[in-house]
Amino acid sequence: MIRTVLAWVLVLPFAAWALLRVTGADVGDRWIQLVAFTPYVAAASAVPVLAAGLLRRWVPLAVAAVTAGALALAVLPRSFADAGPSGGTTFRVLAANLAVGAGDGTELMRLVERLRPDVLTIQELTPAARDRLDELGLRERMPYVVDRSHTGVWGSGIYATHPLTEQPMIALGGFRQARAVVGVKGGPEIEVVSVHPCAPSHAAKMACWRSGLAALPRAGQRLTVLAGDFNATLDHWPVGELLASGYRDAADAVGLGFTATWPQQGWRPVPGVTIDHVLADQRMGVRSFSVHQLAGTDHRPVFAELTLP
């Protein structure tokens with residue numbers, strides 16, 4: 001009897017986690033914060049399988065095995081490449097959260113010079129950070145700008161080497177998610193959004209987080225790229241809905257979907273979670289993806305080299 005109870009005590013929390021993750025349930029504020037750690041739970045789900053087997057409790061063992069399989073199916077594809085269409089014009093996207101403008105502007109300029117993005121989306125862009133980047137030559141390098149900078153965490157911006165046509169900003173909970181259509185010479189128009197909804201840090205922010213992600217444009221019409229700090233992982237249901245509409249996560253597409261982006265230094269020994277993304281219309285290919293360091297901010301910039309149809 002004791003062995004049976006012990007087996008179920010080990011198995012049931014993992015089974016409940018798998019059920020909620022696979023069904024995409026939204027069961028409250030605490031779950032929204034916890035679900036970001038699903039890849040770690042998936043790795044640990046081997047423990048109840050082993051324990052139930054050693055205890056020779058066959059029904060809990062079966063449940064534990066199904067649970068581990070379900071979690072593996074949910075997360076393991078992120079380590080396998082599926083870059084989609086190949087060929088076509090290259091379109092490079094860099095996204096960086098500057099942590100209330102504190103990110104090192106000189107280092108960001110080095111990234112721009114090395115990676116040569118067509119579009120740079122910036123989150124937590126303050127007027128002071130904008131002016132500092134102007135002094136460092138960002139507008140000379142990327143002269144087309146949609147400036148939605150603001151004091152605090154709420155500002156954002158889009159810089160480009162191609163002409164931009166500003167679109168209505170997504171403004172919810174004070175967060176200013178800049179939008180623009182990029183006119184690539186000889187190519188299709190591409191809508192770009194500098195993504196930054198509220199962080200689901202406490203109960204008062206949850207509705208704002210949900211609405212900020214729900215307001216992002218769905219895929220399927222004009223080619224669209226969503227780039228920035230989503231404050232959400234691929235295990236959060238709002239991101240799943242975006243992907244289901246026809247986006248591809250660039251990191252996932254090249255088999256780097258487990259690469260943590262926040263916090264930049266991780267929580268040793270846990271390397272952190274993946275909340276910064278480049279989501280591209282599935283009609284676009286993903287040639288490469290990389291994550292970078294940037295002093296002064298808690299986020300790691302993300303870069304994707306896409307191809308246009």
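A quick note: this is a predicted structure, and the numbers were derived from the prediction, not measured.
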Quiz item: Can you check side-chain hydrogen bond (donor to acceptor under 3.5 Å, both in side chains) on Gln123 and Ser194, steps first, answer last?
Solution: CA-CA 7 Å; Gln123 299 80 53; Ser194 180; 3.0 Å; yes

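- None of Asp147, Leu98, Asp229, Asn97 except one satisfies the side chain to side chain contact (heavy atoms under 4.5 Å, CB included) rule with Ile122; the exception is Leu98.
- Proximity of Pro200 to Met206: side-chain heavy atoms (C-beta onward) are separated by under 4.5 Å at one or more points.
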Quiz item: Can Phe91 and Val119 be said to form a side-chain contact (heavy atoms from CB on, under 4.5 Å), step by step?
Solution: CA-CA 8 Å; Phe91 187 71; Val119 169; 3.6 Å; yes

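- Closest of all the heavy-atom pairs between Thr259 and Arg300 is CG2-NH1, 4.3 Å.
- Evaluated for a side chain to side chain contact (heavy atoms under 4.5 Å, CB included) with Val93, the options Val182, Asp118, Val225, Ile190 yield exactly one hit, Val225.
- At a threshold of 4.5 Å between side-chain heavy atoms, the hydrophobic network of Ile, Leu, Val, Met, Phe, Trp and Tyr places Trp237 and Leu213 in two separate groups.
- Judged purely by atom type and a 3.5 angstrom limit, Gln264 uses its side chain to pair as donor or acceptor with the backbone of Leu294.
- Of all heavy-atom pairs spanning Ala215 and Leu172, the tightest one is CB-CD1, 3.8 Å.
- Annotation: Arg116, atom CZ; neighbour count of heavy atoms from other residues, nucleotides and ligands within 6.0 Å does not exceed 12.
- Contact between Leu136 and Gly105 at its shortest, heavy atoms only, is CD1-C, 3.4 Å.
- Between the side chain of Arg132 and the main chain of Gly101, a donor-acceptor pair closer than 3.5 Å is present.
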Quiz item: Going through the checks in order, is the side-chain contact (heavy atoms from CB on, under 4.5 Å) test met by Leu234 and Asp249?
Solution: CA-CA 8 Å; Leu234 298 184; Asp249 179 80; 3.9 Å; yes

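- At distances below 3.5 Å, not a single donor-acceptor pair connects side-chain atoms of Thr67 with backbone N or O atoms of Phe14.
- The backbone N or O of Val100 sits less than 3.5 Å from a side-chain atom of Glu124, completing a donor-acceptor pair.
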Quiz item: Checking side-chain contact (heavy atoms from CB on, under 4.5 Å) for the pair Val47/Leu10: CA distance, chi angles, key distance, verdict?
Solution: CA-CA 8 Å; Val47 173; Leu10 291 171; 5.6 Å; no

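- Looking at heavy atoms from C-beta onward, Phe230 lies in side-chain contact with Leu216 at the 4.5 angstrom threshold.
- Here the side chain of His299 pairs no donor or acceptor atom with the backbone of Ala99 at under 3.5 angstrom.
- By the criterion of side-chain heavy atoms lying less than 4.5 angstrom apart, applied directly or through intervening Ile, Leu, Val, Met, Phe, Trp or Tyr residues, Trp58 is grouped together with Val49 in one hydrophobic cluster.
- No donor-acceptor pair under 3.5 Å is formed between the side chain of Thr89 and the backbone N or O of Leu308.
- Qualifying ring-ring contact (aromatic ring centres under 6.0 Å, His included) partners for Tyr40, counting only residues two or more places apart in sequence or in other chains: none.
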Practice problem: Walk me through it: do Gln167 and Thr165 pass the test side-chain hydrogen bond (donor to acceptor under 3.5 Å, both in side chains)? | Solution: CA-CA 6 Å; Gln167 301 297 296; Thr165 302; 5.6 Å; no

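- The side-chain heavy atoms of Gln293 and Gln265, taken from C-beta on, include a pair separated by under 4.5 Å.
- Remark: Arg218 CZ is packed, more than 12 non-hydrogen atoms of other residues, nucleotides or ligands lying under 6.0 Å away.
- In this structure, Glu305 contributes its side chain and Thr90 its backbone to no donor-acceptor pair below 3.5 Å.
- Note: Phe303 and His292 have perpendicular aromatic rings, judged against thresholds of 30 and 60 degrees for the angle between ring planes.
- In this structure, His277 contributes its side chain and Ala232 its backbone to a donor-acceptor pair below 3.5 Å.
- Aromatic ring orientation, Phe37 versus Trp267: tilted (interplanar angle from 30° to 60°).
- With hydrogens and angles disregarded, a donor-acceptor distance shorter than 3.5 Å links the side chain of Thr261 to the backbone of Ile275.
- Between Val193 and Arg179, the shortest heavy-atom distance links the atoms CG2-CG, 3.8 Å.
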Exercise. Could you walk me through whether Val153 and Phe175 pass the side-chain contact (heavy atoms from CB on, under 4.5 Å) test, one step at a time?
Key: CA-CA 8 Å; Val153 299; Phe175 284 77; 3.7 Å; yes

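- Counting heavy atoms from C-beta outward, Val273 and Trp262 have side chains that approach closer than 4.5 Å.
- Atom CD of Glu113 is surrounded by more than 12 heavy atoms from other residues, nucleotides or ligands within 6.0 Å.
- Comment: Asp235 engages Arg21 in a salt bridge, judged by a side-chain N to carboxylate O separation of less than 4.0 angstrom.
- Using a 4.5 Å cut-off on side-chain heavy atoms (C-beta onward), Pro217 and Arg222 make no contact.
- Under the 4.5 Å side-chain criterion, counting only non-hydrogen atoms from C-beta, Thr224 is in contact with Tyr247.
- You'll find the side chain of Leu223 stays beyond 4.5 Å of the side chain of Glu189, heavy atoms only.
- Between Leu71 and Ser45, the shortest heavy-atom contact is CD1-CB, 3.9 Å.
- Here the closest heavy-atom approach between residue Arg92 and residue Leu115 is recorded as CD-O, 3.4 Å.
- With 3.5 Å as the limit, one finds no donor-acceptor pair spanning the side chains of Ser156 and Arg148.
- Side-chain contact between Leu61 and Arg57: absent, with no pair of heavy atoms (C-beta onward) separated by less than 4.5 Å.
- The main-chain N or O of Pro197 is found under 3.5 Å from a side-chain atom of Asn231 such that the two form a donor-acceptor pair.
- Hydrophobic clustering of Ile, Leu, Val, Met, Phe, Trp and Tyr side chains at less than 4.5 Å, counting indirect connections, unites Leu242 with Trp209.
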